[in-house]
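Report on one structure; see the data block that follows.
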There are 2 protein chains.
Amino acid sequence: MYPELLTHIKKYTSLTPAEEQLLCEKLELKKLKKKEFVLEAGKYCHGNYFVVKGCLRLYFVNNKLNEQIIQFGIENWWITDYDGLMSKQPSTCYIQTVEPSEVLFLSEKDQAILFEQIPHLESYFRIMMQKAYVASQRRIGFIFNQTEEERYRHFSSRFPEFMQRVPQYMLASYLGFTPQFLSRLRAKKI
Amino acid sequence: MYPELLTHIKKYTSLTPAEEQLLCEKLELKKLKKKEFVLEAGKYCHGNYFVVKGCLRLYFVNNKLNEQIIQFGIENWWITDYDGLMSKQPSTCYIQTVEPSEVLFLSEKDQAILFEQIPHLESYFRIMMQKAYVASQRRIGFIFNQTEEERYRHFSSRFPEFMQRVPQYMLASYLGFTPQFLSRLRAKKI
DNA sequence: CGATTTTTTGAATCATATCAACGTACGTGG
DNA sequence: CCACGTACGTTGATATGATTCAAAAAATCG
């Protein structure tokens with residue numbers, strides 16, 4: 001049994017003990033070292049990762065050969081390449097740990113089986129998707145309506161602890177500007 | 001019965017005739033004139049709109065008092081303020097028709113009831129959310145990795161017919177730059 | 001047709017990127 | 001446990017691409 005995930009699910013829906021059992025049987029706990037990959041471009045994405053502990057990043061390499069971070073996954077977030085998963089095509093991105101991490105892996109196949117057996121589990125994932133969608137719509141709003149500086153200040157006031165956990169160049173990538181620019185922002189602040 | 005929606009659902013899951021019946025009883029067809037609002041900032045968002053015909057836009061007014069378009073909804077898309085819906089707070093954005101349109105309204109309340117009765121309907125919405133999420137993640141990738149010009153060219157090659165349907169200033173807003181800049185891009189092209 | 005909305009154009013300005021070099025920290029093998 | 005190498009962060013000078021403001025031109029609508 002994996003209490004972190006079950007507690008998280010309870011926030012949004014309810015499962016019977018038997019359903020919890022069924023779910024946990026399908027999950028696979030993976031302990032990962034720092035900088036370990038769970039997905040690489042060109043390979044197929046086979047499922048979904050729930051972060052129990054640690055931090056992962058999802059990024060792709062753009063045409064200037066820079067790594068563009070699309071998403072971070074920290075404790076209690078699901079992370080995967082949904083694009084690759086849905087299209088059944090080889091992935092175009094990478095998912096890698098930023099810190100030593102523990103994740104629960106749920107394969108696409110098992111997820112589909114569980115959805116038929118446990119309607120409330122599908123409900124949970126619908127809500128997760130909806131939340132993720134809202135978050136990324138908000139992010140688009142921020143990108144278009146705030147200067148890089150405002151975005152940085154907003155992010156650092158909202159996630160101060162998180163800032164400590166990742167290198168600056170990753171933050172810069174996530175926020176959509178250069179590491180040099182981030183460095184200057186920090187210098188300016190004091 | 002609303003064949004456009006039922007056909008769309010069949011692409012992703014299957015409903016029994018009885019389930020289709022149940023669903024359609026809860027839907028409300030609304031015929032809307034051009035520039036009619038279905039949601040305004042400050043009001044509560046009560047449900048979800050499926051676009052049968054026409055085009056709507058979801059936008060908010062930023063601190064420079066410009067309208068920032070977050071999303072367009074055309075035929076076979078669902079559109080609503082999921083943020084306001086989930087948070088149960090007054091909305092911060094507007095949803096307005098761009099053309100005369102027909103939409104099916106499904107209230108949040110009815111949707112919750114239907115999800116309990118029809119697990120496959122929840123499945124359909126989970127998949128819709130996942131698709132929407134993927135689309136908005138992709139959009140973030142584009143924003144960060146292409147110049148404004150590349151984004152415009154990409155968009156116009158991908159949705160040439162759609163470009164004809166909306167005023168340029170809305171496209172500029174959606175793509176994240178000024179109408180003047182878009183005008184110059186077009187002038188450059190020839 | 002007149003009124004409003006939308007698009008175009010020009011010139012000046014500003015924010016961020018780029019390139020390049022130098023500092024600093026960190027962890028890995030000897 | 002120290003030293004070296006690589007990864008990460010800082011700083012300065014210059015370049016560039018998009019914005020802003022203002023006004024005119026064109027298109028759309030009742």
Side-chain angles (χ1 to χ4, degrees), chain A residues 32-37 55 57 59 61-69 72 94 96-100 140 142-156 162-190, chain B residues 32-37 55 57 59 61-69 72 94 96-100 140 142-156 162-190:
Chain A
L32 305 164
K33 284 180 292 199
K34 186 170 174 176
K35 302 211 176 186
E36 206 169 331
F37 287 94
C55 178
R57 63 175 182 142
Y59 69 92
V61 175
N62 67 21
N63 36 30
K64 288 177 207 132
L65 300 183
N66 295 323
E67 296 174 355
Q68 175 58 55
I69 295 179
F72 287 110
Y94 299 81
Q96 185 195 33
T97 57
V98 176
E99 315 169 339
I140 290 171
F142 274 121
I143 293 168
F144 284 148
N145 288 295
Q146 324 234 129
T147 62
E148 333 290 77
E149 174 159 2
E150 287 168 328
R151 259 184 281 147
Y152 167 71
R153 303 246 182 265
H154 180 263
F155 191 86
S156 65
F162 181 72
M163 309 270 299
Q164 310 303 316
R165 291 171 65 176
V166 300
Q168 272 180 223
Y169 75 93
M170 289 192 192
L171 260 182
S173 168
Y174 180 77
L175 292 172
F177 45 71
T178 59
Q180 292 94 322
F181 185 70
L182 179 51
S183 172
R184 282 181 239 268
L185 277 182
R186 289 165 60 91
K188 211 164 73 172
K189 187 160 188 179
I190 303 281
Chain B
L32 304 165
K33 285 178 293 202
K34 186 171 174 172
K35 301 211 177 188
E36 206 169 331
F37 286 94
C55 178
R57 62 175 181 143
Y59 69 92
V61 175
N62 67 22
N63 36 30
K64 289 177 207 133
L65 299 182
N66 295 322
E67 297 173 356
Q68 174 58 56
I69 296 179
F72 286 109
Y94 301 80
Q96 186 195 31
T97 57
V98 175
E99 316 169 336
I140 290 171
F142 274 121
I143 294 168
F144 284 147
N145 287 295
Q146 325 232 131
T147 63
E148 334 289 79
E149 175 159 3
E150 286 168 330
R151 257 183 283 149
Y152 166 72
R153 302 249 183 261
H154 180 262
F155 191 87
S156 65
F162 181 72
M163 309 270 299
Q164 311 303 317
R165 291 170 65 175
V166 300
Q168 272 181 222
Y169 74 93
M170 289 192 192
L171 258 183
S173 168
Y174 180 78
L175 293 173
F177 45 72
T178 59
Q180 292 93 323
F181 185 70
L182 178 52
S183 170
R184 283 180 238 267
L185 276 183
R186 289 165 59 91
K188 212 163 72 173
K189 187 160 189 177
I190 303 282

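- The shortest distance between side-chain heavy atoms of A:Pro100 and A:Lys34 falls below 4.5 Å.
- Rounded to a whole Å, the NZ atom of B:Lys188 is 14 Å from the P atom of C:dT9.
- Rounding to whole angstrom units, CD of residue A:Glu67 and C1' of D:dC8 are separated by 13 Å.
- The side chain of B:Gln168 contributes no N or O atom lying less than 4.0 Å from OP1 or OP2 of C:dT5.
- Atom-to-atom, CG of B:Leu182 to P of D:dG17 comes out at 18 Å; the value is rounded to the nearest Å.
- By the 4.5 Å heavy-atom criterion applied to side chains, A:Phe144 and B:Asn62 are not counted as neighbours.
- Atoms CD and CG, on B:Gln146 and A:Asn63 in that order, are 6.5 Å from each other to the nearest 0.5 Å.
- A salt bridge links B:Arg151 with B:Glu148; the closest basic N to acidic carboxylate O contact falls under 4.0 Å.
- Taking side-chain N and O atoms only, A:Ser183 has a distance below 4.0 Å to OP1 or OP2 of D:dT10.
- Between A:Arg165 and A:Val98, the closest side-chain pair of non-hydrogen atoms is not below 4.5 Å.
- Remark: C1' of D:dT28 and NZ of B:Lys35 are 10 Å apart, rounded to the nearest angstrom.
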Below 3.5 Å, can you tabulate the donor-acceptor pairs from side chains in residues 174-183 of chain B to any protein atom, sequence neighbours excluded?
residue, atom, partner, partner atom, Å
B:Thr178, OG1, B:Phe181, N, 3.2

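- Note: A:Tyr94 and A:Tyr59 have parallel aromatic rings, judged against thresholds of 30 and 60 degrees for the angle between ring planes.
- In terms of position on DNA chain D, the residue among B:Glu149 and A:Met170 whose nearest nucleotide sits closer to the 5' end is A:Met170.
- Taking atom CG of A:Leu171 as the reference point, atom P of D:dC8 lies 13 Å away to the nearest angstrom.
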TODO: Give the C-alpha distance, both sets of side-chain angles, the deciding distance and a yes or no for ring pair (Phe, Tyr, Trp, His ring centres under 6.0 Å) between B:Phe162 and B:Phe72.
DONE: CA-CA 10 Å; B:Phe162 181 72; B:Phe72 286 109; 5.0 Å; yes
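- Rounded to 10°, the helix from C:dC1-D:dG30 to C:dA21-D:dT10 has 50° between the axis fitted to its first five pairs and the one fitted to its last five.
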Task: Protein-to-nucleotide contact annotation, 5' to 3' order, nucleotides 17-28 of chain C [B base; S sugar-phosphate only; - none; under 4.0 Å, heavy atom] - done: SBBB--------
- [ ] Please step through side chain to side chain contact (heavy atoms under 4.5 Å, CB included) for the pair A:Arg153 and A:Glu149, ending with a clear verdict.
- [x] CA-CA 6 Å; A:Arg153 303 246 182 265; A:Glu149 174 159 2; 2.9 Å; yes
